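Have a look at the structure below before the remarks.
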Amino acid sequence: MIQKKKEVEGNALSSVVQHEVIGSRMIVEYTDYYEEDYQLAMLRQNQLSNLLEIELDGIGTITRFSYNIGNMVSMQTKYENRKIGREELQQFLRQFLSTIELLRQYMLNPDCLWLAPEYIFFRDEQCQFCYLPVRCVSLSEQFHQLTEFWVRQIDYGDTECICLAHKLNRETMEQQYDIHAILQQYESEASVRRELKKRDKERDDFIMKEEIEIKREEAFSDVEAVRELGGFQNSFQRVRSRMKKKRWGSWQDLILESDGQEAKTII
């Protein structure tokens, strides 16, 4: 068994990840007094989606909360070498808000979610959150700290991803905020941006079409001019051809013809 210590929070709380042949487990140790309450009973009786399965082991003054993370990957690790896209961010937000509603239905405290990137796990695209009854920290504060991580890790080639992440980061600086309202405002602003982008494209397409038509007309005029010029040049080409072949007869045969002019005999 390989143990990898991930973080120590204060003097009473620490976490360790144990990597075993059959999978990995995250062990959170709590060294202060803890008395099991209704939250553990609720979690045992109801395996809630989006929450890591939890087991409790109390030994003396140390309480161990064990979470089976299997072959899941944390948000920290997942985006260590790649950027977060807009669709991924929106998908996470939907799952996060769904989890909050689920906790309230089962009378569990959302502040007990651990929202640090190291403690949010993914199985494929499905989020799994760590619920820790002994750690109760304002969810609003935790979520804002999570947006700080997103601002650093988002794909800065995706304009909408930038708008979403920075809006969440800016709006959650307030002590009180509504994530639903922030997302609705973002969607409204994004809709305006999409409409403006569509109009710009239609305008650019129209301008390009007009430019192509103008160039086509200019090219047609050039062709007509070349034809007229080509006809004038052909007269000299016929003269030059006769000179090369020495097929001149009398001086009267040396005649130059041009459009709009009568033939003149050189004497």
Side-chain angles (χ1 to χ4, degrees), residues 4-10 13-17 19 24-28 49-52 54 65 67 69-103 109-132 134-187 189-190:
K4 182 181 179 182
K5 191 173 183 179
K6 295 183 69 175
E7 181 182 4
V8 175
E9 188 175 282
L13 200 63
S14 64
S15 65
V16 174
V17 174
H19 298 287
S24 301
R25 301 192 70 83
M26 181 174 70
I27 310 297
V28 179
S49 60
N50 288 10
L51 289 187
L52 293 170
I54 185 173
F65 298 88
Y67 303 87
I69 59 176
N71 60 351
M72 288 185 280
V73 61
S74 70
M75 179 181 284
Q76 178 74 47
T77 302
K78 181 176 182 178
Y79 297 111
E80 187 174 13
N81 297 315
R82 59 182 290 258
K83 299 301 182 181
I84 303 173
R86 176 179 57 86
E87 293 183 0
E88 290 178 305
L89 187 53
Q90 289 180 314
Q91 184 179 29
F92 172 83
L93 290 168
R94 287 192 294 267
Q95 294 185 34
F96 170 70
L97 292 173
S98 175
T99 301
I100 299 302
E101 293 300 323
L102 191 62
L103 291 176
N109 187 355
D111 289 346
C112 291
L113 286 180
W114 206 339
L115 286 188
E118 297 89 340
Y119 299 98
I120 300 173
F121 292 88
F122 289 89
R123 178 182 286 114
D124 296 326
E125 300 302 320
Q126 183 69 30
C127 295
Q128 296 286 306
F129 296 93
C130 175
Y131 186 90
L132 185 59
V134 297
R135 183 184 182 276
C136 189
V137 179
S138 169
L139 190 67
S140 297
E141 295 179 8
Q142 291 192 78
F143 186 80
H144 175 69
Q145 291 173 2
L146 186 59
T147 67
E148 296 283 351
F149 173 79
W150 293 339
V151 167
R152 295 192 301 270
Q153 297 301 122
I154 57 173
D155 179 6
Y156 276 87
D158 185 338
T159 302
E160 285 303 321
C161 189
I162 296 172
C163 292
L164 177 57
H166 280 269
K167 184 174 186 63
L168 287 167
N169 180 255
R170 183 175 62 254
E171 298 292 339
T172 56
M173 289 180 180
E174 303 295 332
Q175 291 185 349
Q176 294 183 347
Y177 56 84
D178 185 340
I179 297 178
H180 284 286
I182 295 173
L183 293 177
Q184 288 177 357
Q185 186 178 11
Y186 161 76
E187 288 296 340
E189 294 170 353

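Quick caveat, the model's predicted, so the values are computed rather than measured. Hydrogens, waters and symmetry mates are skipped; everything else that's a heavy atom, side chains included, is used.
In this structure, Leu164 and Ile154 have side chains that are not in contact, with every pair of non-hydrogen atoms separated by 4.5 Å or more. Counting only heavy atoms from C-beta outward, the side chains of Tyr119 and Ser15 approach each other to under 4.5 Å. Side-chain contact check for Val28 versus Arg135: every heavy-atom pair is 4.5 Å or farther apart. Looking at heavy atoms from C-beta onward, Lys83 lies out of side-chain contact with Asp158 at the 4.5 angstrom threshold. Residues Leu51 and Leu102 are not in side-chain contact: their nearest non-hydrogen atoms beyond the backbone lie 4.5 Å or more apart. No side-chain heavy atom of Thr172 sits under 4.5 Å from any side-chain heavy atom of Ser140. Arg82 has its side chain within reach of Glu88: a pair of non-hydrogen atoms, C-beta onward, lies under 4.5 Å apart. Residues Leu168 and Tyr186 form no side-chain contact, since every pair of their non-hydrogen atoms from C-beta on lies 4.5 Å or further apart.
Taken to the nearest 0.5 Å, the OG1 atom of Thr77 stands 11.0 Å off from the CZ atom of Phe122. Rounding to the nearest 0.5 Å gives a distance of 11.5 Å between CD1 of Ile120 and CD of Gln128. Separating the CG atom in Leu52 from the CZ atom in Arg123 is a distance of 8.0 Å, to the nearest 0.5 Å. For the atom pair CZ of Arg94 and OG1 of Thr99, the computed distance is 13.0 Å after rounding to the nearest 0.5 Å. Residue Ile179 holds its CD1 atom at 11.5 Å from CD of Glu171, rounded to the nearest 0.5 Å. Rounding to the nearest 0.5 Å gives a distance of 9.5 Å between CG of Asn81 and CD of Gln153.
Here the shortest heavy-atom pairing between Gly85 and Cys161 reads C-SG, 3.7 Å. When all heavy atoms are compared, the tightest approach of Ile54 to Tyr131 is CD1-O, 3.8 Å. The two residues Gln95 and Cys127 come nearest to each other via the heavy atoms OE1-N, 2.7 Å. Considering every non-hydrogen atom in both Met26 and Cys130, the closest pair reads CE-SG, 3.8 Å.
Ring-centre distance between Trp150 and Phe92: below the 6.0 Å cut-off. A ring-centre distance under 6.0 Å is not found for Tyr67 and Phe121.
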Point to revise | Verdict with supporting geometry, Gln145 and Leu115, side-chain contact (heavy atoms from CB on, under 4.5 Å) | key: CA-CA 8 Å; Gln145 291 173 2; Leu115 286 188; over 6 Å; no
Exercise for review: Check the pair Asn109 / Leu103 against side-chain contact (heavy atoms from CB on, under 4.5 Å), numbers first and verdict last.
Suggested key: CA-CA 7 Å; Asn109 187 355; Leu103 291 176; over 6 Å; no
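The number of heavy-atom neighbours closer than 6.0 Å to CD of Glu187, taken from other residues, nucleotides and ligands shown, is above 12. Within 6.0 Å of atom CD in Gln175, 12 or fewer heavy atoms from other residues, nucleotides or ligands are found, so the atom counts as exposed in its surroundings.
Looking at Thr147, its side chain does come within 3.5 Å of a backbone N or O of His144 through a donor-acceptor pair. The backbone N or O of Leu139 lies less than 3.5 Å from a partner atom in the side chain of Asp111, making a donor-acceptor pair. Between the side chain of Gln142 and the backbone N or O of Val137, at least one donor-acceptor pair lies under 3.5 Å. Judged by distance alone, with hydrogens and angles left aside, the side-chain atoms of Asp124 form no donor-acceptor pair with the main-chain N or O of Gln126 at under 3.5 Å.
Under the salt bridge (Lys or Arg N to Asp or Glu O under 4.0 Å) criterion, Glu189 pairs with Lys167, sequence neighbours left out. With sequence neighbours left out, Glu125 forms a salt bridge (Lys or Arg N to Asp or Glu O under 4.0 Å) with Lys78.
A parallel orientation is assigned to the rings of Phe96 and Phe143, their planes being inclined by less than 30° (bins at 30° and 60°).
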